[in-house]
Structures are given as structure tokens and as C-alpha cells.
There are 2 protein chains.
Amino acid sequence: MFDVKSAISMLKGKGYRITPQRVAVLRVLHNNTEHPTAEEIHRKTMKLQSNVSIATVYNVLEMLEKEGFIVVLQTPDGTRRYDPNTELHAHFVCERCNRIFDVELSQNLSKGLLFFVPEDSSEVKQINISFFGICKRCAQQQTS
Amino acid sequence: MFDVKSAISMLKGKGYRITPQRVAVLRVLHNNTEHPTAEEIHRKTMKLQSNVSIATVYNVLEMLEKEGFIVVLQTPDGTRRYDPNTELHAHFVCERCNRIFDVELSQNLSKGLLFFVPEDSSEVKQINISFFGICKRCAQQQTS
DNA sequence: CTGTCTGCAAACCATTTGCAATCGT
DNA sequence: ACGATTGCAAATGGTTTGCAGACAG
């Protein structure tokens, strides 16, 4: 998980301009374990910085992913969610409410997985492990 | 991997009508390891059955997923791809050309993964393991 | 100052939807 | 015959784009 101050100085070092919009998105994502959508990030960012457009949120998210500060998750409903935790871990994805929960993996299993990285591909940049099902909260509600 | 004839009889047993469109989509997906998009499936299906609309392809795919004959994969570019191989296996996803390649996992690792299925969620219906990177073919081409 | 970054609003495009006509059973 | 299924064409909605103005360095 990045630290806001050091993330800012790293971005500055790479030549990026430090705009209030970028800082606000960084602050929203910092320590965020909710796997928010772009729209949710936009809503929260506007509370810190009223003049932020959704287009800018997408711009900043794309930049943060490119620079390795966040990872992007595709959900079954076709939307994307953003995760500042870039360590190898798994997700449980609720197919009803589309929320995502973190699932910790053991060191052993993580290393075991890397063993299967296909060698004929140049480089594996990311690994995604997802369990799909219905979360506890949705399971308790009637199945309409 | 389903067999076309037994898939048809299973669907018939469940009360589904056996339309030429459904048979054609089943035939396109049978033994298909290309992880095609809906549009690719539509194109190939039309070669077997000229009167198939893209809406019907989506209908049939949704039904086949619901009945457990195929699994749906989300790609980084936001489109969906369809896989008739419902056994637990991993994928290598090329972030440049968006093609998907199968990666076999050992029995041991598969079982190890199941160990991490979160117990406080009612039921895990599917597990997805994906490696992201650049495939050999794309890596050989110049990086524009 | 200068070129990057932003906000706006339109464009994009995979997927979904509504409905009348068709066709499997 | 009857209701499930289809094709059509429009709608949907998350994401992207083009561009003029704003602003960080």
C-alpha cells in the first residue's frame, strides 16, 4: 500500500505534475479496502476536492495503474474496481451485490502459483485469483 | 468439456427448446480453446446457421453459463470471453492482443487453492486464476 | 511562459431490452 | 395451439475522446 506523501514525491520524480485532483484521488484510495468503482472514487474525491470530473478520475486511475500504485479488477457485471493493495492476494467476488472482499493466501501457495507462470510468455505483470459466489449478506436476503 | 449430443439431451430434459441457433452455438463452442468473444462466436455461428442475431448469441450464452456448460471470463479491455472448459485451470491473458491461453495447474495446487475459500461466504461457484502479461507473439512485434 | 492537465459534453461500443413475429413441441 | 425463442433496432451505461481553457512548475 502506498503512502500518500511518498507516492506524491515518486510521481513528482517521474515528471508528473502534482494537481489537487491527483492528490485527492490518492487520498481516497489510500488504505481503501473497499475495491471502489470509478464512480465511487469520483464521489468520494469530490468531497475532498469539489472540482473533479469523472474524466479526470479515469485519467488519474489510468496513470496510477501504469505507475504501479494500484491494480484494476474486472467484475462479472463488466465494471472495473480499483485496489491500492498490489501485493499478491485473492478476492471473493459476490455475484449479486458485486462487492469484493480480500482473501489472504499463504506464502507457500503464492510461491506455488508462481511456479505455473507460463515460460513461453515474456513476462507476467500481475496475477489475479478470484473466488466467485454469493456473500453472506446477500445470502441472508430472500432470493426474490 | 460438454459433448454436443449429450448437452442437447440435457437441455431438452430441463425443458429448453432445441433451436437450430442453440445447436449452432453449441457446435461452435465444442472443443473451442480460443476463448472467443460474443462477436467471434456470432461470426462463427452464422457460418453454420445464417439466421442468428447477436442478441440470440447473448441469450444462448447466458443460458449455457446458467446451466454450467461454459464459464465467462472478463478481460482487461472490458469485453467478455467464453470458455467451454469448466474444469479448474488458469489463464494467461495478453494485455496487448487480449488473447487468452490455457495454463494447466497441478492437482495439488488446485486443492491447495480450495483451502483458502472463505468460509463465511455461503458458496464458491467458480474460481478464476489469471496471469496477465504480454504474449510471445506481441512481445516480438515492435513496441510502437 | 509552456506544455501538461482538467472539465465538459459528445462519442463509443459491448451488452441489454422491448416487442412483434416465428417456430419447437 | 401456445408459449418459449428469435430478430430487429433502440436503449443503456461504463469508459473514452477531442478540445479549449486552466494551471503547475
Side-chain angles (χ1 to χ4, degrees), chain A residues 7-26 28 35-46 48-67 70-82 93 95 97-100, chain B residues 7-26 28 35-46 48-67 70 72-82 95 98 100:
Chain A
I8 288 175
S9 58
M10 288 179 74
L11 291 174
K12 194 178 290 187
K14 290 212 171 198
Y16 289 102
R17 295 188 175 174
I18 307 308
T19 66
Q21 290 86 349
R22 283 175 174 172
V23 175
V25 171
L26 277 173
V28 166
H35 311 85
T37 64
E39 189 271 335
E40 287 163 353
I41 294 168
H42 181 218
R43 188 146 22 87
K44 290 196 172 182
T45 302
M46 280 195 294
L48 302 178
Q49 185 70 24
S50 56
N51 58 328
V52 189
S53 70
I54 186 70
T56 295
V57 169
Y58 277 110
N59 281 341
V60 176
L61 291 172
E62 183 182 14
M63 180 270 284
L64 292 178
E65 185 202 10
K66 183 182 166 194
E67 298 304 335
I70 62 174
V71 294
V72 183
L73 308 171
Q74 286 283 348
T75 56
D77 71 347
T79 65
R80 288 178 190 149
R81 289 173 173 270
Y82 300 87
V93 182
E95 293 176 320
C97 67
N98 282 292
R99 287 187 304 164
I100 298 181
Chain B
I8 289 175
S9 57
M10 289 180 73
L11 291 174
K12 193 177 291 187
K14 290 211 171 198
Y16 289 102
R17 295 187 176 176
I18 306 309
T19 65
Q21 290 87 347
R22 285 176 171 171
V23 174
V25 171
L26 277 173
V28 166
H35 310 86
T37 64
E39 188 272 334
E40 287 163 351
I41 294 168
H42 182 218
R43 188 146 23 88
K44 288 196 174 184
T45 303
M46 280 195 294
L48 301 177
Q49 187 70 24
S50 56
N51 58 328
V52 189
S53 70
I54 187 69
T56 294
V57 169
Y58 279 110
N59 280 340
V60 176
L61 290 172
E62 183 183 14
M63 181 271 284
L64 291 178
E65 185 200 12
K66 183 183 167 197
E67 297 304 333
I70 62 175
V72 182
L73 309 171
Q74 285 283 349
T75 56
D77 70 347
T79 64
R80 290 179 189 146
R81 290 174 173 270
Y82 300 87
E95 293 176 320
N98 283 291
I100 298 180

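We name chains A, B, ... by the order of the sequence lines, and we start the count at 1 in each one.
By the salt bridge (charged side-chain N to carboxylate O under 4.0 Å, His left out) test, R80(A) is found to be paired with no residue, residues two or more places apart in sequence or in another chain being considered.
A pairwise comparison of heavy atoms in A24(B) and L48(B) identifies O-CD1, 3.8 Å as the closest pair. A pairwise comparison of heavy atoms in L61(A) and I70(A) identifies O-CD1, 3.6 Å as the closest pair. The shortest non-hydrogen separation linking Q21(B) to V52(B) is CG-CG2, 4.0 Å.
Both K12(B) and T19(A) lie near DNA chain C, and the one whose nearest nucleotide falls closer to the 5' end is T19(A).
Note on S53(B): every side-chain N or O is 4.0 Å or more away from OP1 and OP2 of dC8(D).
Nucleotide dG14(D) holds its C1' atom 13 Å from the CD1 atom of I41(A), rounded to whole Å. Atom CD in E62(B) sits about 12 Å away from atom P in dT5(D), given to the nearest Å. In this entry the distance linking CD of Q49(A) with C1' of dC5(C) reads 13 Å, nearest Å. Between I8(B) atom CD1 and dT25(C) atom P there is a gap of 10 Å when expressed in whole angstrom units. Per the geometry, CE belonging to M63(A) stands 10 Å off C1' belonging to dC5(C), to the nearest Å. Following rounding to the nearest Å, H42(A) (NE2) and dT16(D) (C1') show an atom-to-atom distance of 15 Å. Between the P atom of dT15(D) and the CD atom of Q74(B) lies a distance of 11 Å, rounded to the nearest Å. Summarising the geometry, the separation between CD on Q21(B) and P on dG24(C) is reported as 8 Å, rounded to the nearest angstrom.
You'll find that the side chain of I18(B) is closest to dT25(C), out of dT25(C), dT5(D), dG7(D). Of all nucleotides listed (dT6(C), dC5(C), dC8(D)), dC5(C) comes nearest to the side chain of Y16(A). Closest to the side chain of V60(B), from the set dT6(D), dT6(C), dG25(D), is dT6(D).
Counting heavy atoms from C-beta on, the side chains of R22(B) and M63(B) come closer than 4.5 Å. Side-chain contact between L11(A) and L64(A) is present, with heavy atoms from C-beta onward closer than 4.5 Å.
Under a 4.0 Å N-O distance rule, the pair R43(B)/E39(B) qualifies as a salt bridge.
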Annotated protein contacts, base or backbone, on nucleotides 11-23 of chain C with a non-hydrogen cut-off under 4.0 Å, one of B, S, - each: ---SBBB------
